[in-house]
Amino acid sequence: MRIRILDKYIFREVFSTFIFGICAFSVVFIGSGTLFRIAQYITEYGASITSVIKIFILSLPGIVIWTFPMSMLLASLLAFGRLSASSEITAMKSCGVSFLRIAMPALILGFFVSIFAVWFNEYVVPWSNVAYKQVLDYEIKGKTAPQSQDHIVIKDIENGEIHRLMYARRYDAETQHLEGVSLQLFDKGKATHVEDAEYAEWQGDRWTMHNGTIYDIPQNQAEAAQHRMNFDTQVLPINESPKSIIKAQKDPDEMTIRELREQIKILSAKFVKTRKIETEYYQRFTVPFASFIFALIGVPLGIQPTRSASSRGFVVSIIIIFIYYALMTTNSALAQGGTLPPMLAVWIPNIIGFIVGMFLMRRAAR
């Protein structure tokens with residue numbers, strides 16, 4: 001019973017500081033970036049109050065997700081620093097409670113914050129980013145004509161499976177052409193019919209493909225040549241207008257984990273470099289799990305005998321956060337540039353943090 005009371009006490013100390021950290025770091029991000037952009041939208045585009053409020057609210061999930069690891073580190077440092085400064089850690093140890101047992105509530109909180117962050121980053125952040133972009137493009141900037149864009153993907157999904165997939169290497173807004181078009185039909189997840197064309201042009205109410213090939217994919221691959229034919233023109237069975245197609249395209253930060261995985265698979269099949277999307281995909285896991293890593297580092301650092309003031313906790317937090325995000329940014333650039341594999345590059349900061357955290361935990365437990 002006493003241990004449970006102790007767990008609740010430590011958990012409450014860490015959790016309350018964690019919430020404070022989210023608010024504090026969010027204010028910093030909002031003040032240094034969001035408000036500046038909002039002021040820019042008002043001066044350059046004459047954004048209305050309603051649009052500004054929408055932009056502000058929709059930007060919050062994308063900001064909050066980055067504050068979870070920072071806040072977990074700050075909470076661990078400040079909470080255990082205060083407990084150590086008031087000799088409560090010493091009193092707990094004198095009662096036979098091990099250091100690992102004392103640290104357990106903070107580590108469990110860090111783990112569950114990481115799990116929640118993965119969920120939040122999957123279901124809330126992409127949706128808010130899509131809505132943010134739509135408000136920015138169509139309410140503030142007033143875009144009406146579709147812009148040229150590379151790697152167009154349109155998917156028709158039925159009962160959770162892809163029924164039809166259209167890929168175009170590029171949309172040219174000036175000529176209203178889709179270049180390098182490929183249409184694939186699927187049956188039970190397997191491609192059965194393919195139509196490739198040099199380009200497709202928009203003719204007011206439909207897309208027409210030019211200079212292409214149609215072929216079926218039979219069960220026996222040796223018979224593929226018997227199911228092939230060329231064409232000069234062919235109607236592309238896609239009803240979306242150029243504006244609808246471009247509006248449906250998403251940036252990597254607007255996609256869910258599943259959408260990112262599918263996008264990587266589609267583009268890889270077309271021999272398109274996917275390093276940027278792969279980096280985003282793996283960061284959907286590494287950034288949330290940094291909360292647990294930072295708890296692992298913050299707890300042993302918080303009980304150092306030299307730590308007596310909250311200001312030192314802030315300073316140490318800022319230094320560790322700077323090192324982690326500098327390393328993460330550098331490795332992301334290396335991954336996108338092809339110097340390092342994306343998965344290895346984005347996991348390196350967490351691996352280093354885990355090793356450092358385990359070393360500090362082991363040293364503090366002695």
Side-chain angles (χ1 to χ4, degrees), residues 17-18 20-37 59-78 81 106 110 113-114 117-118 120-121 125 129 251-253 260 274-302 304 306-307 310-361 363:
T17 313
F18 172 73
F20 164 77
I22 290 178
C23 297
F25 286 118
S26 296
V27 168
V28 172
F29 277 112
I30 291 171
S32 61
T34 305
L35 293 182
F36 174 79
R37 288 193 296 271
S59 68
L60 293 180
I63 292 173
V64 169
I65 191 65
W66 289 98
T67 67
F68 285 166
M70 304 178 185
S71 302
M72 197 66 236
L73 175 63
L74 182 65
S76 301
L77 283 167
L78 293 186
V113 167
S114 294
V118 172
F120 190 79
N121 212 12
V125 176
N129 287 342
D251 293 330
D253 63 345
L260 286 169
T274 60
R275 289 191 288 262
K276 181 178 180 180
I277 302 178
E278 288 182 63
T279 301
E280 176 70 25
Y281 174 77
Y282 291 117
Q283 282 183 340
R284 294 295 177 88
F285 301 98
T286 57
V287 173
F289 272 95
S291 297
F292 176 74
I293 300 297
F294 280 174
L296 202 63
I297 294 173
V299 170
L301 285 180
Q304 296 300 312
T306 55
R307 189 169 318 286
S310 298
S311 59
R312 297 199 65 173
F314 276 106
V315 172
V316 173
S317 298
I318 292 172
I319 293 173
I320 295 175
I321 290 167
F322 174 80
I323 293 173
Y324 177 86
Y325 284 106
L327 185 60
M328 185 188 71
T329 302
T330 301
N331 282 16
S332 296
L334 293 175
Q336 295 180 32
T339 305
L340 290 174
M343 183 172 69
L344 175 62
V346 298
W347 275 104
I348 283 177
N350 281 22
I351 293 172
I352 293 175
F354 181 78
I355 294 172
V356 172
M358 291 300 294
F359 170 77
L360 293 174
M361 290 287 292
R363 190 178 70 172

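The chain is numbered in sequence order, starting from 1. The model shown is predicted, which means the values in this text are computed figures rather than measured ones.
Put simply, the side chain of Leu60 reaches to within 4.5 Å of the side chain of Ile30, judged on heavy atoms. In this structure, Val287 and Met328 have side chains that are in contact, with non-hydrogen atoms separated by less than 4.5 Å. Contact annotation: the side chain of Ser59 never approaches that of Phe29 to less than 4.5 Å [non-hydrogen atoms, C-beta and beyond]. Side-chain contact between Ser71 and Phe25 is present, with heavy atoms from C-beta onward closer than 4.5 Å. At least one side-chain heavy atom of Thr67 sits under 4.5 Å from a side-chain heavy atom of Val64.
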I would like to know whether Phe294 and Leu74 meet side-chain contact (heavy atoms from CB on, under 4.5 Å); could you show each step before the answer?
CA-CA 9 Å; Phe294 280 174; Leu74 182 65; over 6 Å; no
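No more than 12 heavy atoms of other residues, nucleotides or ligands sit less than 6.0 Å from atom CE of Met343.
Contacts of Ser332 classified as side chain to side chain donor-acceptor pair (under 3.5 Å), with partners at least two apart in sequence or in another chain: Gln283. Partners of Phe285 according to the ring pair (Phe, Tyr, Trp, His ring centres under 6.0 Å) rule, which considers only residues two or more places apart in sequence or in another chain, are Tyr281. In this view, Arg275 satisfies the salt bridge (Lys or Arg N to Asp or Glu O under 4.0 Å) rule with no residue, not counting sequence neighbours. The side chain to side chain donor-acceptor pair (under 3.5 Å) check on Gln336 picks up nothing, with sequence neighbours excluded. In this view, Asn331 satisfies the side chain to side chain donor-acceptor pair (under 3.5 Å) rule with no residue, not counting sequence neighbours. Listed by chain and number, the residues in a ring pair (Phe, Tyr, Trp, His ring centres under 6.0 Å) with Trp347 amount to none (sequence neighbours excluded).
Taking every heavy atom of both residues into account, Val125 and Gly62 meet most closely at CG1-CA, 4.2 Å.
Rounded to the nearest 0.5 angstrom, Leu78 CG and Thr17 OG1 are separated by 6.0 Å. Here the CG atom belonging to Leu327 is positioned 7.0 Å from the CD1 atom belonging to Ile348, to the nearest 0.5 angstrom. For the atom pair CD1 (Ile297) and CE (Met72), the distance works out to 12.0 Å, reported to the nearest 0.5 Å. Remark: Tyr324 OH to Thr329 OG1 distance equals 10.0 Å, nearest 0.5 Å. Taking CD1 from Ile293 and CG from Asn350, the interatomic distance works out to 5.0 Å, rounded to the nearest 0.5 Å. In this structure, CG in Leu73 is found 5.0 Å from CD1 in Ile321, a value given to the nearest 0.5 Å.
With salt bridges taken as basic N to acidic carboxylate O contacts below 4.0 Å, one links Arg284 and Glu280.
Side chain of Ser114 to main chain of Pro288: a donor-acceptor pair is present (N/O by atom type, distance under 3.5 Å, no hydrogens or angles).
The aromatic rings of Phe18 and Phe68 sit tilted relative to each other, their planes meeting at an angle between 30° and 60°.
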